[in-house]
Visitor: 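One structure is given below, represented as structure tokens, and several questions about it will come after.
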Amino acid sequence: MAMDPEELVTLTDHGTMKLRSAVVRAMILPAKERKRAKIVREGEPAILIFKQIRNLGAKWDERRGSSPRGNRQQRRFRSRGNGRKSRSIAR
């Protein structure tokens with residue numbers, strides 16, 4: 001299923017947006033909403049249910065060969081033992 005991430009689609013209950021944005025938004029929905037998520041598009045298949053959306057997102061991540069954060073630095077929070085947290089940047 002080769003799809004253009006820039007294609008305009010409709011994510012049910014969320015409006016019209018690019019396919020890439022619709023996939024990302026569907027993935028971050030609460031579990032109950034995620035089960036009902038559908039993407040409606042002009043091409044075939046015309047309707048993507050959540051299982052297909054999840055597979056498409058995983059395929060794009062795999063092709064990119066990186067984490068969803070890309071090349072951004074990850075931040076970790078470590079407890080100092082007194083209830084406060086300090087930030088350290090992983091390199």
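These numbers were taken from a predicted model, which means no experiment stands behind them.
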Visitor: Please report the closest heavy-atom contact between Arg34 and Ala26, naming both atoms and the distance.
Guide: CG-O, 3.3 Å
Visitor: If you look only at pairs with a residue in residues 2-15, which of them pass as a salt bridge (Lys or Arg N to Asp or Glu O under 4.0 Å), with sequence neighbours excluded?
Guide: Glu6-Lys18, Glu7-Arg41
Visitor: To the nearest 0.5 Å, what is the distance between NZ on Lys38 and NE2 on His14?
Guide: 12.5 Å
Visitor: Using every non-hydrogen atom in the two residues, find where Leu29 and Ala37 come nearest and quote the distance to one decimal.
Guide: CD1-CB, 4.1 Å
Visitor: Drop me the distance from Ile39's CD1 to Thr10's OG1, to the nearest 0.5 angstrom.
Guide: 9.5 Å
Visitor: Just grab all the salt bridge (Lys or Arg N to Asp or Glu O under 4.0 Å) pairs involving residues 19-29, residues at least two apart or on different chains.
Guide: none
Visitor: Would a hydrophobic clustering, with Ile, Leu, Val, Met, Phe, Trp and Tyr connected at side-chain separations under 4.5 Å, put Met27 with Met17?
Guide: yes
Visitor: Side-chain contact, heavy-atom cut-off 4.5 Å: Phe50 with Arg36?
Guide: no
Visitor: If you look at every heavy atom in Ala22 and Leu11, which pair is closest and at what distance?
Guide: O-CD2, 3.9 Å
Visitor: Indicate yes or no: at least one non-hydrogen side-chain atom of Leu56 is less than 4.5 angstrom from one of Leu19.
Guide: yes
Visitor: Just to verify, which of Leu48, Ile53, Asn55 counts as forming a side chain to side chain contact (heavy atoms under 4.5 Å, CB included) with Lys51?
Guide: Asn55
